[in-house]
Amino acid sequence: MVRKTKEDAEITRQLIIDAARETFFVRGVSRTPMETIAEKAGVTRGAIYWHFRNKTDLFQAMREQVFLPLIDRMDGILLVESEDDPLSCIERFFTSTIQVLNDDLKTRRTYEVMMTRCEYVDEFAEVLRLILSNCSGFVEKIELVYKRAQDKGQLRPGDDPAALAMDSHFFFTGLLHMWVKDVEDGNIRKNAIQAIKAHIALRRR
């Protein structure tokens, strides 16, 4: 019975996160009251507060559902020291992220909410701080890969792994933002993979 109760609680928690994602997408985060999320999820407002302290906590749970797999994928692709072609690791990570966005609606919706439906002010300022902290970790891992590429003679003379890592971070963050917003023309989405390949090719010796 205890196991069943825990399973039911997890199902309810997921229903709330799914409902939050959809209502955030339609209304925007700041304009979505908890009552609307509860109605969408088919639960009481109290049920939401049993699982989440506040809207920020709920937003973070939604974000973690796509961000934690991203971290796992990043580590699995980037931190392979035996790879003979380190630059291809960066390319694979970037292209695989775009592919996930293209194939998985929940992931795409979450990115859309994070990038186009949320104002990072007031209580959400802390969320922005965490996002920026995560970005610093991302840059550090990319720099390690560029250092491996440098050791293998893949980079052009004078190229600095730290500067390349920051540049790749700016490039890919900008690409993600434009990809998410490109819902009508579709030109950026169609050319994103080729842009990634060109970005990496410019680093090769």
Side-chain angles (χ1 to χ4, degrees), residues 1-78 93 96-141 169 172-184 189:
M1 178 63 92
V2 173
R3 180 178 178 183
K4 182 64 174 177
T5 301
K6 290 178 68 174
E7 290 176 353
D8 289 344
E10 182 55 36
I11 290 172
T12 299
R13 184 177 186 275
Q14 188 58 55
L15 283 172
I16 294 169
I17 293 173
D18 290 343
R21 182 187 300 108
E22 292 307 311
T23 52
F24 287 160
F25 177 74
V26 173
R27 299 172 61 103
V29 176
S30 64
R31 299 181 64 181
T32 299
M34 290 300 220
E35 290 84 353
T36 303
I37 298 173
E39 183 178 349
K40 177 73 174 178
V43 301
T44 64
R45 190 167 177 268
I48 294 183
Y49 284 109
W50 191 85
H51 288 277
F52 305 100
R53 295 186 303 260
N54 47 42
K55 191 193 295 185
T56 307
D57 192 32
L58 175 52
F59 182 92
Q60 282 285 63
M62 177 200 71
R63 175 177 171 269
E64 286 178 0
Q65 284 196 341
V66 300
F67 189 75
L68 294 181
L70 174 72
I71 293 296
D72 290 341
R73 190 167 65 254
M74 181 192 307
D75 291 348
I77 295 175
L78 294 181
F93 171 64
S96 69
T97 302
I98 293 295
Q99 197 61 52
V100 170
L101 282 172
N102 189 63
D103 295 342
D104 188 80
L105 178 60
K106 286 187 178 181
T107 300
R108 187 163 66 251
R109 276 285 185 268
T110 302
Y111 272 79
E112 287 168 339
V113 168
M114 290 168 55
M115 293 179 173
T116 68
R117 303 293 196 273
C118 183
E119 296 178 339
Y120 293 97
V121 297
D122 299 329
E123 69 271 22
F124 277 84
E126 176 63 17
V127 176
L128 179 58
R129 188 192 68 77
L130 290 173
I131 291 174
L132 293 175
S133 176
N134 293 146
C135 287
S136 296
F138 168 76
V139 173
E140 289 172 1
K141 291 176 182 180
H169 169 56
F172 194 56
T173 300
L175 180 63
L176 286 178
H177 274 271
M178 296 306 296
W179 192 99
V180 165
K181 295 170 184 175
D182 186 29
V183 294
E184 293 185 5
R189 295 190 179 190

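Note that this is a predicted model, so its numbers are computed, not measured. Values reported hereafter were calculated over all heavy atoms of this structure, with side chains retained and with hydrogens, waters and symmetry mates removed.
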4.5 Å side-chain heavy-atom contact, [X] and [Y]:
X: K141; Y: D75; result: yes
X: F24; Y: M114; result: no
X: L128; Y: F124; result: no
X: K181; Y: T116; result: yes

**Prompt:** In this structure, which one of T110, D104, D103 forms a side chain to side chain donor-acceptor pair (under 3.5 Å) with T107?
**Reply:**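 When T110, D104, D103 are each tested with T107, the side chain to side chain donor-acceptor pair (under 3.5 Å) holds only for D104.
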Crowded around [X] [atom1]? As in, over 12 foreign heavy atoms under 6.0 Å?
X: M34; atom1: CE; result: yes
X: E10; atom1: CD; result: yes
X: R27; atom1: CZ; result: yes

List, one per line, each side-chain donor-acceptor pair under 3.5 Å for residues 41-50, sequence neighbours excluded.
from: T44; atom 1: OG1; to: A47; atom 2: N; distance (Å): 3.0
from: R45; atom 1: NE; to: E35; atom 2: OE2; distance (Å): 3.0

**Prompt:** Residues two or more places apart in sequence or in another chain: which of them pass ring-ring contact (aromatic ring centres under 6.0 Å, His included) with F67?
**Reply:**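 Checked F67 against ring-ring contact (aromatic ring centres under 6.0 Å, His included); zero matches.
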**Asked** H169: what forms a ring-ring contact (aromatic ring centres under 6.0 Å, His included) with it, not counting sequence neighbours?
**Response**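 By the ring-ring contact (aromatic ring centres under 6.0 Å, His included) rule, H169 matches F138.
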Between [atom1] on residue [X] and [atom2] on residue [Y], distance to nearest 0.5 Å:
X: T36; Y: E22; atom1: OG1; atom2: CD; result: 14.0 Å
X: L70; Y: S96; atom1: CG; atom2: OG; result: 8.0 Å
X: I77; Y: D72; atom1: CD1; atom2: CG; result: 11.0 Å
X: W179; Y: T97; atom1: CH2; atom2: OG1; result: 11.0 Å

Can you give each donor-acceptor pair under 3.5 Å made by side-chain atoms of residues 55-66, sequence neighbours left out, with the distance rounded to 0.1 Å?
from: K55; atom 1: NZ; to: V29; atom 2: O; distance (Å): 2.8
from: K55; atom 1: NZ; to: T32; atom 2: O; distance (Å): 2.8
from: D57; atom 1: OD2; to: R53; atom 2: N; distance (Å): 3.1
from: R63; atom 1: NH2; to: N134; atom 2: OD1; distance (Å): 2.4
from: Q65; atom 1: OE1; to: Q14; atom 2: NE2; distance (Å): 3.3
from: Q65; atom 1: OE1; to: R21; atom 2: NH2; distance (Å): 3.4
from: Q65; atom 1: NE2; to: Q14; atom 2: OE1; distance (Å): 2.6

**Request:** Could you list all the salt bridge (Lys or Arg N to Asp or Glu O under 4.0 Å) pairs where at least one residue sits in residues 123-133, not counting sequence neighbours?
**Result:**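 For residues 123-133: E126-R129.
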**Asked** So, is the end of the R109 side chain (NZ or CZ) under 6.0 Å from the ring centre of F25 and within 45° of the ring's axis?
**Response**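 Satisfied, under 6.0 Å and within 45°.
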**Set of residues satisfying side chain to side chain contact (heavy atoms under 4.5 Å, CB included) with respect to L15, sequence neighbours excluded** =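 L15 satisfies side chain to side chain contact (heavy atoms under 4.5 Å, CB included) with I11 once adjacent residues are dropped.
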**Message:** Run D18 and K106 through salt bridge (Lys or Arg N to Asp or Glu O under 4.0 Å) and show every step you take.
**Reply:** CA-CA 8 Å; D18 290 343; K106 286 187 178 181; 3.5 Å; yes
